[in-house]
Participant: 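Sharing a structure, written as structure tokens. Questions coming.
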Amino acid sequence: MATFQTLPGFRDFYPEDLAKRTQIFRLWRQTAASFGFVEYDTPVLEPLDLYRAKSGDEIEGQLFSFTDKGGREVALRPEMTPSVCRLVGARANALKRPIKWFSIAEFYRYERMQKGRGRCFYQFNADVFGEPGPEAEIELIALLIQCMRAFGLTEKDFCVRLSDRDLWFHYLAALGQDEPRIRSVLGAVDKYERNGHDAFKGYEESFGPMAPGLKQGVLDFLGIRSFGALEKALESSGASAGMAGRLAQWRKLLGGLGAMGLSDFVQVDLGVVRGLAYYTGFVFEAYDRRGELRALAGGGRYDDLVGRLGGSELPAVGFAIGDMTLALLLDERGLSAAISQAPDVYCIVGGEPERKAAFADISRLRANGYRVDYPMKEMAFGKQFKAAADSGARIALIYGTDELARGVVKMRDLGGRTERDFPTSEVEAAVREFFEAR
RNA sequence: GCGGUCAUAGCUCAGUUGGUUAGAGCACAAGAUUGUGGAUCUUGGGGUCGCGGGUUCGAGUCCCGUUGGCCGCCCCA
């Protein structure tokens with residue numbers, strides 16, 4: 001038994017684990033680049049106040065925070081949004097717009113572990129700054145969907161549930177609610193899926209029994225599953241100018257996603273309002289279709305946050321995908337594939353004199369970018385062939401006494417099980433030819 | 001922070017009412033095998049039975065505590 005373990009909630013990545021993670025990162029990067037997003041990064045350690053400013057004091061319980069040797073209160077980053085708001089806000093006037101940025105980074109939260117949740121995890125974050133209209137949401141939701149499809153996931157595996165906090169505000173205001181009451185109702189909406197009618201208890205404790213019309217209005221809204229139904233619901237409740245304005249935004253957003261051929265991935269569902277209250281417009285979450293896992297990704301519009309954290313006012317939309325739930329889903333669907341770490345060439349070496357000759361070629365081939373491996377210790381030929389096959393290499397180069405006496409090296413195609421001799425001077429060219437022929 | 005459950009080899013697990021030196025399969029290593037493949041056979045290394053205490057002549061087994069894993073609640077930026 002090992003004397004030391006990882007801290008609770010932290011993970012070791014053995015090579016086979018890291019290969020999977022690297023593959024996930026690689027596909028995220030590729031996808032983001034194909035959408036014209038550029039990558040940035042920020043420090044792992046930030047001033048504690050950065051997170052207090054965004055989320056309030058109560059956030060501290062969920063942070064890895066401490067006082068550093070200079071007496072500064074600091075925290076390991078629990079999310080990317082405040083940091084990226086700082087970056088963008090500081091150069092808001094100098095950056096060409098729209099600003100399309102992404103990052104892949106590790107985050108830390110002092111929380112109890114659960115399936116799909118640990119104390120450290122990676123997130124892909126993507127944000128669009130400087131674009132107030134739903135064009136930004138179109139781009140981001142399309143990116144989110146492609147970031148899943150890149151792994152082979154389809155509309156049968158996941159969907160993006162789309163909602164609108166701004167519309168909720170207009171709708172609840174029309175039902176006679178003031179702002180504190182609206183926030184309380186939204187809190188209940190967030191819990192409704194899990195807790196049913198108990199979700200409204202908090203509201204009733206603060207503000208007294210809910211008017212039957214209000215409750216029915218909320219439940220009606222929660223039942224909406226299509227844009228047509230949404231239009232109809234707002235019509236019958238006498239749409240205000242604010243609601244009409246939101247409907248126009250919805251039309252544009254859904255129209256754009258439809259034109260990209262993504263309608264099957266998008267589900268109107270006003271039950272998604274997202275936990276913390278800084279979202280100001282559209283909000284969305286990606287879920288697996290079977291509903292067995294935690295949310296795969298989530299995001300929305302936060303037009304006020306850059307101003308609060310970064311200095312300059314700047315409209316913004318963003319989302320994050322976590323690595324843990326996605327990895328669970330990929331495993332479940334048999335879609336997790338690691339990057340091959342097999343060598344291209346495995347050298348089979350007779351003895352010490354042959355080893356010298358092999359080393360010259362090994363060194364040259366490696367310098368040319370081929371992945372080359374060989375046994376470190378003298379080993380029987382039979383074992384070496386087995387090792388070559390086990391390694392996953394495509395070809396074996398055989399440096400035996402007989403071959404070197406004839407001035408050749410034998411090259412074996414491990415897949416085709418064919419062999420050919422090459423003069424020692426031509427080995428490098430022969431290897432190159434083999435791989436270029438593919 | 002709360003509740004449930006579990007903890008024996010790198011992995012998956014056996015281990016009888018408490019009874020000798022704690023086992024198997026897989027994996028790993030060596031040999032059979034001094035030049036040709038994912039096989040077979042033989043052999044080997046690897047354990048403070050999570051940790052600490054208690055009961056007992058005797059504890060992997062029973063009791064208490066503790067740490068950690070998993071699952072759920074709270075939370076989920």
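Naming: A, B, ... by sequence-line order, numbering from 1 per chain.
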Participant: Choosing from B:G38, B:U36, B:A77, which nucleotide comes nearest the side chain of A:Arg412?
Facilitator: B:U36
Participant: Provide the Watson-Crick or G-U wobble partner of B:U21, both distances under 3.5 Å; none if there is no partner.
Facilitator: none
Participant: Looking only at heavy atoms, what is the nearest atom pair of A:Ala136 and A:Arg301, with distance?
Facilitator: CB-NH2, 3.7 Å
Participant: Rounded to whole angstrom, note down the P distance from B:G65 over to B:C71.
Facilitator: 25 Å
Participant: Nearest to the A:Pro78 side chain among B:G37, B:A77, B:C76, which nucleotide is it?
Facilitator: B:A77
Participant: Taking the nucleotide of RNA chain B with the nearest heavy atom to each, does A:Tyr108 or A:Ile398 sit closer to the 5' end?
Facilitator: A:Ile398
Participant: State which of B:A30, B:C70, B:G37 makes the closest approach to the side chain of A:Arg112.
Facilitator: B:C70
Participant: In whole Å, what is the span from the CD atom of A:Gln114 to the P atom of B:G4?
Facilitator: 16 Å
Participant: Can you check the distance between B:C13 and B:U66, where both ends of the measurement are the P atom (answer in whole Å)?
Facilitator: 27 Å
Participant: Using the C1' atoms only, state how far B:U42 lies from B:G10, rounded to an integer number of Å.
Facilitator: 23 Å
Participant: Nearest-nucleotide wise, let me know which of A:Gly416 and A:Gln62 is further upstream toward the 5' end of RNA chain B.
Facilitator: A:Gly416
Participant: Out of B:C70, B:A77, B:A39, which has the shortest distance to the side chain of A:Glu111?
Facilitator: B:A77
Participant: Measure the distance from CD1 on A:Ile348 to C1' on B:U34 and round it to the nearest whole Å.
Facilitator: 15 Å
Participant: If B:C49 has a Watson-Crick or G-U wobble mate with both distances under 3.5 Å, name it; if not, just say none.
Facilitator: none
Participant: When you get a sec, tell me which of B:A77, B:U36, B:C76 is the closest nucleotide to the side chain of A:Arg294?
Facilitator: B:C76
Participant: What I want to find out is whether A:Glu428 reaches A:Arg364 closely enough, with some N-O distance under 4.0 Å, to be called a salt bridge.
Facilitator: yes
Participant: I want to check a possible cation-pi pair here: A:Arg109 against A:Phe64, using under 6.0 Å from ring centre and within 45° of the ring axis as the test.
Facilitator: no
Participant: Roughly, in whole Å, what's the span from CD in A:Gln384 to C1' in B:G38?
Facilitator: 17 Å
Participant: So, does A:Lys383 get its side chain near the phosphate of B:G35, meaning an N or O under 4.0 Å from OP1 or OP2?
Facilitator: no
Participant: Taking atom C1' of B:G37 as reference, at what distance in whole Å does atom CZ of A:Arg417 sit?
Facilitator: 5 Å
Participant: Report yes or no: is the ring centroid of A:Phe381 under 5.5 Å from the six-membered base ring centroid of B:G35, with the two planes under 30 degrees?
Facilitator: yes
Participant: With rounding to the closest Å, how many angstrom separate the P atoms on B:C51 and B:U8?
Facilitator: 10 Å
Participant: Could you tell me whether the side chain of A:Arg117 has a donor or acceptor atom within less than 3.5 Å of a complementary atom in the base of B:C75?
Facilitator: yes
Participant: In whole angstrom, what separates A:Arg406's CZ from B:G35's P?
Facilitator: 15 Å
Participant: What integer number of Å spans the C1' atoms of B:G50 and B:A7?
Facilitator: 6 Å
Participant: Using Watson-Crick or G-U wobble geometry with both distances below 3.5 Å, tell me the partner of B:G60, or none.
Facilitator: none
Participant: So which nucleotide from B:C70, B:A77, B:U36 ends up closest to the side chain of A:Lys54?
Facilitator: B:A77
Participant: Is any side-chain N of the basic residue among A:Glu137 and A:Lys252 closer than 4.0 Å to the acidic one's carboxylate O?
Facilitator: no
Participant: Return the nucleotide paired to B:G3: Watson-Crick means purine N1 to pyrimidine N3 with N6-O4 or O6-N4, wobble means G-U with N1-O2 and O6-N3, both under 3.5 Å.
Facilitator: B:C71
Participant: Which value, in whole Å, describes the distance between the C1' atoms of nucleotides B:G4 and B:A22?
Facilitator: 30 Å
Participant: Give the ring-plane orientation class for A:Tyr171 versus A:Trp168, where under 30° counts as parallel, over 60° as perpendicular and anything between as tilted.
Facilitator: perpendicular
Participant: Can you tell me the Watson-Crick or wobble partner of B:A29, both distances under 3.5 angstrom?
Facilitator: B:U43
Participant: Does B:C75 have its OP1 or OP2 closer than 4.0 Å to a side-chain nitrogen or oxygen of A:Lys191?
Facilitator: yes
Participant: Could you check whether A:Arg77 gets within reach of a base, just the sugar-phosphate, or nothing at all, counting any heavy atom under 4.0 Å?
Facilitator: nothing
Participant: Are the charged groups of A:Arg246 and A:Asp166 less than 4.0 angstrom apart, N to O?
Facilitator: yes
Participant: Among B:C76, B:G35, B:G37, find the nucleotide with the atom closest to the side chain of A:Arg109.
Facilitator: B:C76
Participant: Counting only side-chain heavy atoms from C-beta out, which of B:G38, B:G68, B:C74 sits nearest to A:Pro8?
Facilitator: B:G68
Participant: Report the distance from atom CG of A:Leu293 to atom P of B:C71, rounded to the nearest whole Å.
Facilitator: 11 Å
Participant: Roughly, in whole Å, what's the span from CG in A:Asp421 to P in B:U36?
Facilitator: 16 Å
Participant: Under a 3.5 Å cut-off for both distances, is B:A9 Watson-Crick or wobble paired, and to whom?
Facilitator: none
Participant: Is there side-chain contact between A:Phe37 and A:Leu140, with heavy atoms separated by less than 4.5 Å?
Facilitator: yes
Participant: What does B:U36 pair with, Watson-Crick or G-U, if both distances are under 3.5 Å?
Facilitator: none
Participant: Distance between the C1' atoms of B:A9 and B:C28, in whole angstroms?
Facilitator: 12 Å
Participant: Write down the distance between CD (A:Glu60) and P (B:C76), rounded to a whole number of angstrom.
Facilitator: 17 Å
Participant: Could you check whether any side-chain heavy atom of A:Arg119 comes within less than 4.5 Å of a side-chain heavy atom of A:Phe10, counting everything from C-beta outward?
Facilitator: yes
Participant: Taking atom P in both B:C41 and B:G25, compute the distance separating them and give it to the nearest angstrom.
Facilitator: 11 Å
